[in-house]
Amino acid sequence: MKKMKLLLLALLGTATSLLAEGIYPQITNIDNRRTTPLNGNWHYIIDQLETGYYDYRRKPTEFGFFLDEKQENPKLIEYNFDTSPTLYVPRDWNSQAPELLYYEGCIWYRTKFDHKPTSGKRLFLHFGAINYQSIVYLNGKKLGQHIGGYTPFNFEITSLVKDGENSLVVMVDNKRQKEAVPTDNFDWWNYGGITRPVTLIETPSTFIRDYFIQLTKGNAGEISGWVQLDGDKPQSEITVEIPELKKSIKLTPDSKGYAKFTIKAKPQLWTPENPKLYKVTLSGAGETLNDEIGFRTIETSGSKILLNGKPVFCRGISIHEEAPLRKGGRAYGKDDARTLLGWAKEMGCNFVRLAHYPHNEQMIKEAERMGLMVWSEIPVYWTIDWTNPDVLANAKNQLEENITRDKNRCNIIIWSVANETPVSAPRLEFLKSLVERTRQLDNTRLVGAAMEKEEIRPGILTVHDPLGQYLDLLSFNQYVGWYDGLPEKCDRVNWEFPSDKPVVITEWGGGALAGMHGDKSERWTEEFQEEVYKANIRMLKRIKGLAGTTPWILMDFRSPKRPLTGIQDGFNRKGVISDYGQKKKAFYIMQEWYKELEEEYK
């Protein structure tokens, strides 16, 4: 990134400072802490030329918008948040004002909040996500900056918050960059803004910052994990309890506040049919945290995926974080999650692929409660700059922030490190590094990536990606019948694979405009899409070792790559449901097949 022109930065720097300057280690389980939401209407200023950050010599100004000043004679102040319009947070800016629909650039946000500091307490400012780059200021002082549009970050503001009114200003930039992750070329809408909740977190001087509690890998009779304290008394005693299992253990952390533990137990295992969650309590250091955690095992054996030791077929669908029933916009919150996941359940799914980036935390939690296994992905997508070490640092940082946030959600069974990336030696080294880091952070789940297929000889398809040997699955995208020939091709091709790993086809399908009907040979009709699905299902049934599938995609979503007037109109139309909730004929084809598979795997 040293050659990367980040508008948020005036000077070049190391990967670490570029990615997360001033960021405090991530605090997890926000929902169960003492918090104050800062959501609501924030004033904003569109700043296409970055006047609020740079002077007329293109150098950082000390008189920027972050000072949140007003015109008072004899001063000359050429901005005013108080008289500027508002945007709702959390939400993207594109869907809130017509003039912002295609906007890519800089916008300044400002809100004010009252706070009365409490002796012996610490205060943190937490952002669920900002797309894509941000600099955060409190009362005119820079807290730090963050890069990455889909993962959480936080700052400690204990010493900076004032008694009374405080001004919080955030500079947000969503301009696409060749050296970014994702890069400047991707097939979804680049929704900008503060897209997830903003929260104040109050903690004791020493508190439980993070923890990990799951079944020990390979042992369904043992729960293991760790707890991380943060503060001036790192060796404070901590108690971990699972009341329903009648289990309790006291821990004394080391001098760095870290403690590992194991508990012998035989919990009822989480399954899609019975998504059992246990109340878990962590107490000590002046606070008590509650969580609901499920326990399950996930592994592979030959060409099978084993959930709790039994073969499972992952009846899935891919989903973008696109707001349902609102004609575009970033999805957020429980209501959107329940709508999208409810459609997946209605179709017969037990599995969802959340593409192509970490979705909001409520999406993961609602899926866990509803009995949906999850494929979780980071936006290493298409043509990443594989030889740039700072780009690798960026990808790793997003991977780490994603795993840190969601590691206690048992329904996540696969961490994915990439989608449709072209084979090369530098790319292999880049992705191998991500796979290795994933296994270091969490060895209890499978690791995958959406690779690509090839035709090795007429009528024979395969996946010959060297990355496959480092993954737990043979997972890939294919569009036979849509981009690759017509639907009839599905009946005259077969598949051969270099290994007996479980086969998971992470994308397939075709597009249709909801309500457009005609002959099954006519593109864009529901009948053509239906024929693509029927033909693919016949082909998929012949694939030896098929263990899961997530066709593309649940719902139509915005993409500027899709300009066909009267059909696409800026939407990818491969959804089995339209952007306004109309189920297409292909939805019912999948529903019928998944009903068959559900019976087969009972």
Side-chain angles (χ1 to χ4, degrees), residues 212-226 262-278 293-316 349-354 364 367-368 371-377 399 402-403 406-417 432 434-451 463 467-476 497-506 543-550 597-598 600-602:
F212 182 44
I213 303 172
Q214 286 286 287
L215 288 177
T216 303
K217 183 177 176 64
N219 187 349
E222 182 178 271
I223 296 170
S224 61
W226 50 263
T262 59
I263 301 172
K264 295 294 182 182
K266 291 188 176 180
Q268 182 179 338
L269 300 183
W270 183 98
T271 67
E273 297 76 25
N274 181 28
K276 172 66 177 177
L277 301 176
Y278 286 89
I293 294 179
F295 301 101
R296 56 92 193 98
T297 65
I298 191 73
E299 58 192 328
T300 65
S301 178
S303 62
K304 297 183 184 301
I305 295 175
L306 304 181
L307 176 67
N308 303 326
K310 298 178 181 178
V312 62
F313 191 97
C314 294
R315 308 186 310 270
C349 293
N350 62 4
F351 179 58
V352 289
R353 178 190 180 212
L354 301 183
I364 309 295
E368 185 177 46
L372 287 163
M373 297 177 286
V374 166
W375 166 298
S376 179
E377 196 159 280
L399 175 75
N402 184 39
I403 293 176
D406 291 336
K407 60 186 174 297
N408 288 307
R409 306 281 67 84
C410 72
N411 60 327
I412 296 178
I413 62 168
I414 299 164
W415 299 119
S416 172
V417 299
K432 279 172 57 181
L434 293 183
V435 171
E436 179 182 359
R437 185 58 179 147
T438 302
R439 297 194 194 282
Q440 289 172 351
L441 292 169
D442 178 13
N443 70 352
T444 69
R445 292 171 169 90
L446 308 179
V447 181
M451 298 180 287
V463 176
L467 177 64
Q469 64 183 299
Y470 302 100
L471 305 176
D472 296 306
L473 309 165
L474 194 60
S475 43
F476 60 93
F497 298 111
S499 69
D500 66 345
K501 292 181 179 181
V503 174
V504 177
I505 302 183
T506 38
I543 294 179
K544 182 180 179 182
L546 185 67
T549 175
T550 55
L597 284 167
E598 184 178 10
E600 182 181 337
Y601 276 79
K602 276 187 176 178

_Go through it in stages, so that I can follow the logic: the residues are S303 and K501, the test is side-chain contact (heavy atoms from CB on, under 4.5 Å), and I'd like the CA-CA distance, side-chain angles, deciding distance and then a yes or no._
CA-CA 4 Å; S303 62; K501 292 181 179 181; over 6 Å; no
*Heavy-atom donor-acceptor pair, D472 side chain to V447 backbone, under 3.5 Å*: yes
_Flag side-chain contact, heavy atom, 4.5 Å: T271 against N274_ = yes
*Quick one: ring pair (Phe, Tyr, Trp, His ring centres under 6.0 Å) partners of F351, sequence neighbours excluded?*
none
*Does the Y278 side chain pair with the main chain of Q268, one donor and one acceptor, at a distance under 3.5 Å?*
yes
*asked:* Heavy-atom count check: over 12 atoms from other residues, nucleotides or ligands less than 6.0 Å from K310 NZ?
replied: no
_Once rounded to the nearest 0.5 Å, what's the spacing between atom OG1 of T438 and atom CG of N443?_
12.0 Å
*asked:* In the structure I gave you, are the side-chain heavy atoms of I364 and N411 within less than 4.5 Å of one another anywhere?
replied: yes
*Return the set of residues passing side-chain hydrogen bond (donor to acceptor under 3.5 Å, both in side chains) with R315 (not counting sequence neighbours), or none when no residue passes.*
none
_With sequence neighbours excluded, residues passing side-chain hydrogen bond (donor to acceptor under 3.5 Å, both in side chains) with N350_ = none
*Can you sort out the partners of K304 under side chain to side chain contact (heavy atoms under 4.5 Å, CB included), two or more places apart, ordered by chain and number?*
L306, P311
*Is a side-chain donor or acceptor of S376 paired with a backbone partner of W415 at a separation under 3.5 angstrom?*
no
*Considering non-hydrogen atoms only, spot the tightest contact between P267 and L215 and give its length.*
CG-CD2, 4.1 Å
*Do the non-hydrogen side-chain atoms of E368 and L277 ever get within less than 4.5 Å of each other?*
yes
*Do the non-hydrogen side-chain atoms of V374 and L354 ever get within less than 4.5 Å of each other?*
yes
*So, do C314 and I413 sit near enough that their side-chain heavy atoms are less than 4.5 Å apart?*
yes
*Could I get the full list of side chain to side chain contact (heavy atoms under 4.5 Å, CB included) partners for S224, not counting sequence neighbours?*
T216, T262
*With sequence neighbours excluded, tell me which residues meet side-chain hydrogen bond (donor to acceptor under 3.5 Å, both in side chains) with W270.*
none
*Identify, with sequence neighbours excluded, every residue that meets salt bridge (Lys or Arg N to Asp or Glu O under 4.0 Å) alongside D406.*
none
*Roughly how far, to the nearest 0.5 Å, is CG of L446 from CG of L471?*
10.5 Å
*Tell me, please, which residues at least two apart from E598 pass salt bridge (Lys or Arg N to Asp or Glu O under 4.0 Å).*
none
*Step by step, would you call T444 with I298 a side-chain contact (heavy atoms from CB on, under 4.5 Å)?*
CA-CA 7 Å; T444 69; I298 191 73; over 6 Å; no
*Looking at OH of Y601 and CZ of F313, how far apart are the two atoms once the value is rounded to the nearest 0.5 Å?*
6.0 Å
*Could you go step by step and tell me if M373 and L307 meet the side-chain contact (heavy atoms from CB on, under 4.5 Å) rule?*
CA-CA 10 Å; M373 297 177 286; L307 176 67; 4.1 Å; yes
*Has the side chain of D500 got a donor or acceptor atom that lies under 3.5 Å from a matching backbone atom of G302?*
no
*Set of side chain to side chain contact (heavy atoms under 4.5 Å, CB included) partners for Q440, sequence neighbours left out*: E436, R437
*Spacing of CD1 belonging to I505 relative to CG belonging to L546, to within rounding of 0.5 Å*: 5.5 Å
*Does some side-chain heavy atom of L473 sit less than 4.5 Å from a side-chain heavy atom of I414?*
yes
_For K276, all residues meeting salt bridge (Lys or Arg N to Asp or Glu O under 4.0 Å), sequence neighbours excluded_ = E244
*asked:* Quick check against the 3.5 Å criterion: does T297 have a side-chain atom that pairs as donor or acceptor with the backbone of N308?
replied: yes
_Return the CD1 to SG distance between I213 and C410, rounded to the nearest 0.5 Å._
12.5 Å
*Taking only residues two or more places apart in sequence, or in another chain, which ones meet K432 in a side chain to side chain contact (heavy atoms under 4.5 Å, CB included)?*
L428, E429, Y470
*For the side chain of T300 and the backbone of I305, is there at least one donor-acceptor N/O pair under 3.5 Å apart?*
no
*Output the distance between atom CD1 (I403) and atom CG (L441), rounded to the nearest 0.5 Å.*
5.0 Å
*Within the distance-only criterion (no hydrogens, no angle test), does the side chain of R445 pair as donor or acceptor with the backbone N or O of K407 below 3.5 angstrom?*
yes
_Tell me the closest heavy-atom pair linking I293 and R409, and the distance in Å._
CG1-NH2, 3.9 Å
*Check side-chain hydrogen bond (donor to acceptor under 3.5 Å, both in side chains) between E377 and all other residues, then give those that pass, not counting sequence neighbours.*
R353, H356, W375, S416
